[in-house]
There are 4 protein chains.
Amino acid sequence: MNRELKKEQTRARIKEAALSLFSEQGYEPATVEAIAKQAGVAKGTFFNYFASKDELICDLQGLFATNEAAKLKDTPGPLVPRLQLLIFEIVKRFELNKPLTRALFQGMLGNGSSLVKHNELLGALSETLLPLVRQAQENGEIRKDMPAEMLAQQAFQTYFGTLFVWAMEAGDEPLATRMTMTFELFFKGIAPQ
Amino acid sequence: MNRELKKEQTRARIKEAALSLFSEQGYEPATVEAIAKQAGVAKGTFFNYFASKDELICDLQGLFATNEAAKLKDTPGPLVPRLQLLIFEIVKRFELNKPLTRALFQGMLGNGSSLVKHNELLGALSETLLPLVRQAQENGEIRKDMPAEMLAQQAFQTYFGTLFVWAMEAGDEPLATRMTMTFELFFKGIAPQ
Amino acid sequence: MNRELKKEQTRARIKEAALSLFSEQGYEPATVEAIAKQAGVAKGTFFNYFASKDELICDLQGLFATNEAAKLKDTPGPLVPRLQLLIFEIVKRFELNKPLTRALFQGMLGNGSSLVKHNELLGALSETLLPLVRQAQENGEIRKDMPAEMLAQQAFQTYFGTLFVWAMEAGDEPLATRMTMTFELFFKGIAPQ
Amino acid sequence: MNRELKKEQTRARIKEAALSLFSEQGYEPATVEAIAKQAGVAKGTFFNYFASKDELICDLQGLFATNEAAKLKDTPGPLVPRLQLLIFEIVKRFELNKPLTRALFQGMLGNGSSLVKHNELLGALSETLLPLVRQAQENGEIRKDMPAEMLAQQAFQTYFGTLFVWAMEAGDEPLATRMTMTFELFFKGIAPQ
DNA sequence: GATGAATGAGGGTTCATTCAT
DNA sequence: GATGAATGAACCCTCATTCAT
């Protein structure tokens with residue numbers, strides 16, 4: 001439907017505008033009015049698509065996570081190198097710059113439902129990851145003396161820690177190499193004794 | 001001086017009040033007025049002690065870091081176990097609860113001078129850490145194929161990642177055990193080949 | 001005509017929906033969108049039937065008045081008891097609850113054309129009433145030392161005063177008995193010396 | 001105290017400004033911003049004095065009532081003529097014009113706490129009135145076959161009915177004469193048989 | 001005729017900050 | 001040094017109304 005399509009586009013334009021302004025100005029200074037203007041719609045229109053600025057952030061925090069890991073399921077062979085590759089590709093794809101990353105973090109932290117969403121996202125990701133981790137434990141790729149859940153949690157910490165420290169730093173080195181290196185250490189840490 | 005002492009106390013009371021309210025309500029909802037009231041001073045008085053709410057956050061972010069590592073300098077023997085112990089003791093001491101941690105993160109992220117301060121703090125910490133790391137590399141406790149700076153950076157990532165993921169989770173498990181475990185993996189990751 | 005009928009029904013459905021929502025939520029909170037939804041039409045459709053929310057209120061304020069008095073015209077005999085009976089029956093019929101009454105008052109008061117309509121309605125009612133009043137004055141049922149217009153005006157005051165005070169009260173006693181009693185006093189007040 | 005005095009003045013200025021704008025433009029069009037401007041204060045200052053526009057209306061509805069009746073208590077002699085005189089003087093004093101009266105009605109009707117306040121005011125007024133009414137019943141000035149509470153209620157109806165119908169009319173005749181006349185009828189209605 | 005996405009002025013309200021007392 | 005009234009920009013959000021489909 002033409003109507004339907006247009007709505008989708010408007011929604012996308014608003015999200016893009018938000019990302020653009022968060023990158024330029026940060027979370028708080030990027031007001032709903034400014035976002036709407038940048039998206040080429042009226043302020044009221046913003047609220048036809050997102051009940052609040054908070055809801056927008058909830059939506060946007062999806063950028064932090066993907067479920068690409070699902071692709072690895074049911075394929076045989078050693079997992080660790082493929083996970084490493086996966087991480088590299090994921091990080092490479094989403095172009096989070098530092099100010100945007102900070103803005104997203106900030107938006108998430110000051111917002112109860114973002115918190116809930118965050119945990120849902122991590123939960124869903126865990127669902128995908130857990131069987132793979134267990135399989136890797138069986139294969140002897142990963143140490144068996146830690147529960148898979150804990151290992152997944154450690155992976156998340158590694159991920160967000162890298163993201164956070166990177167985003168807070170002044171320089172402009174790319175995230176991808178840093179993330180890759182960090183996960184190298186991580187995989188070494190969780191290798192069997 | 002009596003005068004001097006009183007000022008110090010007032011300042012301390014304001015900081016305590018802020019921590020208490022950030023814990024209860026989060027960063028934004030804890031208004032300057034509420035903090036002042038909780039501290040038993042007038043709103044205007046707050047600004048005699050902190051130039052802005054942002055400056056207060058800058059001050060408070062010191063809670064994330066200590067320079068206890070300095071104690072380790074110039075003492076011989078293996079470093080890694082002592083570092084682990086140090087981390088455990090640091091984390092155990094400062095009682096950051098989850099809402100407060102989130103509030104501090106949020107305050108830091110939306111505030112340019114906090115960013116600067118953050119990097120200064122990490123820089124200073126690096127200063128202390130670097131010689132120790134190099135020494136440990138010499139001793140063969142830590143892999144030599146990564147520059148000490150990078151290793152320190154990795155440590156920070158590990159630290160903040162743990163803090164962040166923990167602060168975002170729903171439960172109320174203590175930070176200390178989690179942090180210890182995480183650093184166990186970390187030290188394993190950075191052990192020599 | 002089928003077409004004509006359907007329009008009439010839709011219009012009626014919208015009015016019913018409005019009354020229902022005004023009763024539940026009051027005048028302002030009952031948005032055009034909510035009314036349309038309750039009536040089972042789209043928001044835009046509302047405006048095909050009423051040029052504005054104000055016009056709807058104009059339409060609805062007819063609930064405050066009827067011209068049943070016309071029935072009394074040209075029948076002989078004492079008027080006062082019949083008028084009393086009439087009032088009782090009128091009030092009994094239209095089921096104005098308190099929140100709805102307040103909502104209608106509110107809608108009327110904030111709306112220029114409602115004001116005009118209100119005066120038109122009262123004017124028309126006067127037209128009907130005046131001959132009857134004069135007749136009653138001739139009959140010696142009502143004092144002659146006040147012009148009929150003034151007496152009609154007094155009746156309106158009595159009517160709206162009762163309505164208003166009743167609508168503002170907390171309880172849920174029925175309007176009918178109150179109105180009857182009030183008009184008993186009123187008729188006593190306008191009886192001949 | 002000078003400080004205290006100034007606050008009082010500011011509060012008074014805001015109320016005056018509100019009355020002035022309600023008279024000119026009606027309830028809704030008189031925005032808080034406009035009221036503040038007219039009062040010569042910033043918009044934020046308005047909210048230092050009134051938590052909301054609704055609260056202002058609550059405050060203002062006091063204009064509808066006074067407790068001058070208290071003066072009559074404990075003085076001997078016939079009450080009815082003194083009550084009539086009292087009403088005349090009350091109405092004469094407060095200069096409610098028609099648009100303002102409509103605005104106040106409108107503000108009260110759309111506001112839950114105004115409703116409560118209204119009933120409190122009438123309750124307090126009843127407290128004062130009831131002993132007088134009973135005394136008048138004893139004196140044989142007022143009919144004894146109706147409870148005093150009901151008579152007070154009837155008086156309120158008479159009062160607000162007159163106010164409402166007068167405020168809705170187009171002309172500009174003074175309220176005082178109308179009110180006096182209406183209460184003449186009312187007192188006749190409640191005279192002993 | 002029906003639809004509902006788009007509008008956008010304006011709503012009430014908040015709060016960090018200033019400054020006269 | 002302490003106070004708290006005043007500030008006013010900016011906040012998020014509402015909703016009657018329009019109009020292209």
Side-chain angles (χ1 to χ4, degrees), chain A residues 1-4 6-11 14 28-37 39-56, chain B residues 3 6-7 10 28-37 39-56, chain C residues 3 6-7 10 28-37 40-56, chain D residues 1-4 6-11 28-37 39-56:
Chain A
M1 200 62 54
N2 198 0
R3 202 83 164 250
E4 213 60 27
K6 228 172 180 178
K7 276 197 78 169
E8 214 55 48
Q9 286 176 341
T10 303
R11 192 182 173 89
I14 292 174
E28 277 167 5
T31 68
V32 169
E33 182 153 25
I35 294 169
K37 192 175 183 181
V41 298
K43 203 188 341 185
T45 305
F46 177 94
F47 292 98
N48 289 343
Y49 288 88
F50 300 94
S52 65
K53 198 182 177 185
D54 280 356
E55 203 188 278
L56 170 67
Chain B
R3 201 74 154 248
K6 220 169 183 182
K7 279 199 72 169
T10 303
E28 277 168 5
T31 66
V32 170
E33 180 155 26
I35 293 169
K37 190 176 183 181
V41 298
K43 196 175 6 170
T45 305
F46 176 95
F47 291 94
N48 291 340
Y49 289 88
F50 298 92
S52 66
K53 199 184 177 185
D54 279 358
E55 201 188 280
L56 170 66
Chain C
R3 201 74 153 248
K6 221 170 183 182
K7 279 198 71 169
T10 303
E28 277 167 5
T31 67
V32 170
E33 180 154 26
I35 293 169
K37 190 175 185 181
V41 299
K43 196 176 5 173
T45 305
F46 176 95
F47 292 93
N48 291 341
Y49 289 88
F50 298 92
S52 66
K53 200 183 176 185
D54 280 357
E55 201 188 280
L56 171 66
Chain D
M1 201 61 55
N2 199 359
R3 202 82 164 252
E4 212 60 26
K6 228 171 180 179
K7 277 197 78 171
E8 213 55 47
Q9 286 175 342
T10 303
R11 192 181 173 91
E28 276 166 7
T31 68
V32 169
E33 183 154 24
I35 293 169
K37 194 175 182 181
V41 298
K43 197 170 15 163
T45 304
F46 176 95
F47 291 97
N48 289 344
Y49 288 88
F50 300 94
S52 65
K53 198 183 179 186
D54 280 357
E55 204 189 278
L56 170 66

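Naming: A, B, ... by sequence-line order, numbering from 1 per chain. Worth knowing before you read on, the calculation uses all heavy atoms, side chains too, and leaves out hydrogens, waters and symmetry mates.
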Any donor-acceptor pair under 3.5 Å joining the side chain of K53(C) to the base of dT17(F)?
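Flag unset: no donor-acceptor pair detected.
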Using atom [atom1] of [X] as one end and atom [atom2] of [N] as the other, report the distance to the nearest whole Å.
X: F46(B); N: dC15(E); atom1: CZ; atom2: P; answer: 14 Å
X: F47(B); N: dA16(E); atom1: CZ; atom2: P; answer: 7 Å
X: E33(B); N: dT13(E); atom1: CD; atom2: P; answer: 17 Å
X: I35(B); N: dG4(F); atom1: CD1; atom2: C1'; answer: 17 Å
X: I14(A); N: dA5(E); atom1: CD1; atom2: C1'; answer: 11 Å
X: K37(C); N: dA16(F); atom1: NZ; atom2: P; answer: 15 Å
X: K6(D); N: dT3(F); atom1: NZ; atom2: C1'; answer: 15 Å

5′-ward residue of the pair G44(D)/G44(A) relative to DNA chain F:
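This one resolves to G44(D).
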Heavy-atom nearest nucleotide on DNA chain F for D54(C) versus V41(D): which residue maps closer to 5'?
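Looking at DNA chain F, the more 5' nearest nucleotide goes with V41(D).
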Quick one: does [X]'s side chain get under 4.5 Å of [Y]'s, heavy atoms only?
X: E28(A); Y: E28(B); result: yes
X: I35(B); Y: L56(B); result: yes
X: K43(D); Y: K37(D); result: no
X: F46(A); Y: E33(A); result: no
X: V32(D); Y: F50(D); result: no

Want to settle it: does A30(B) or K7(C) sit nearer the 5' end of DNA chain E, counting the closest nucleotide to each?
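On the 5' side of the pair lies K7(C).
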Where each residue is assigned the nucleotide of DNA chain E containing its nearest heavy atom, which of N48(C) and F50(D) is assigned the position nearer the 5′ end?
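In this pair, the answer is N48(C).
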Determine which nucleotide pairs with dT13(E), using a 3.5 Å limit on both distances of a Watson-Crick or G-U wobble pair.
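WC or wobble partner is dA10(F).
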My understanding is that a pair needs two contacts under 3.5 Å, Watson-Crick or G-U wobble. By that rule, which nucleotide pairs with dA5(E)?
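Its partner is dT18(F).
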Hey, is the side chain of [X] poking within less than 4.0 Å of OP1 or OP2 on [N], counting only N and O atoms?
X: K43(B); N: dG4(F); answer: no
X: T31(B); N: dC15(E); answer: no
X: Y49(B); N: dG1(F); answer: no
X: T45(C); N: dT3(E); answer: yes

